[in-house]
Amino acid sequence: MTRIPERDRPPRIFRPPDSAAAAGAPGHASGHTQRLRPLNRPRPIQVRENGNGTPVILYVNRRPRRVQAIREEWRIDDEWWREPISRRYVTLVLEDGRPLTIYQDLIEGGWYVQQE
């Protein structure tokens, strides 16, 4: 039997698994269930700001963490024609040296941490 070199083979066609298998339905050969979960979902965080509105303390897992440094700040205003988004992002360094990106929802007012 002659082998066809890889470069001369036709491309492989991706076939998604059937819906029962993809959902981890009982009886599927893998025997376990799979759940879809959103990635990088923001979650609320408590922030104490100084008089200029700069974050100085974050409450991470209910514990206060001082902000050691602000690395970068930027603002995003988008989708004004549909559902407006107005956010102020801050990349900072906590007292333990951990970098973190948070944002303030400028429409509703809360602060959020972007999960990694």
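Heads up: numbering here begins at 1 and tracks the sequence.
- For the pair D105 and Y112, the tightest heavy-atom approach, listed with the atom from each and the gap, is CB-CE1, 4.0 Å.
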Between side-chain atoms of residues 50-57 and protein atoms elsewhere (two or more places apart, or another chain), which donor-acceptor pairs fall under 3.5 Å?
from: N50; atom 1: OD1; to: N52; atom 2: N; distance (Å): 2.9
from: N50; atom 1: OD1; to: G53; atom 2: N; distance (Å): 3.2
from: N50; atom 1: OD1; to: T54; atom 2: N; distance (Å): 3.0

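- Between Y89 and Y103, the two ring planes are tilted [angle within 30° to 60°].
- The two residues Y59 and I45 have their closest heavy-atom pair at O-CG1, 3.6 Å.
- Considering all non-hydrogen atoms of both residues, T91 and T101 come closest at OG1-OG1, 3.3 Å.
- When the side chains of ILVMFWY residues are joined at heavy-atom separations under 4.5 Å, either directly or via intervening members, I70 and V113 end up in a single hydrophobic cluster.
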Open item on the list: What verdict does the side chain to side chain contact (heavy atoms under 4.5 Å, CB included) test give for L100 and R65, after you've listed the backbone C-alpha separation in whole Å, the side-chain angles of each residue and the deciding distance to 0.1 Å?
Closed with: CA-CA 12 Å; L100 193 65; R65 299 285 186 242; over 6 Å; no

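- Here the side chains of L92 and L58 are in contact, with some heavy-atom distance below 4.5 Å.
- Considering CZ of R87 and CD of E108, their distance stands at 10.0 Å, rounded to 0.5 Å.
- Hydrophobic clustering, with ILVMFWY side chains joined whenever heavy atoms are under 4.5 angstrom apart, keeps L106 apart from I85.
- Pairs engaging residues 66-75 under the side chain to side chain donor-acceptor pair (under 3.5 Å) rule: E73-R88, R75-D77, R75-S86 [sequence neighbours left out].
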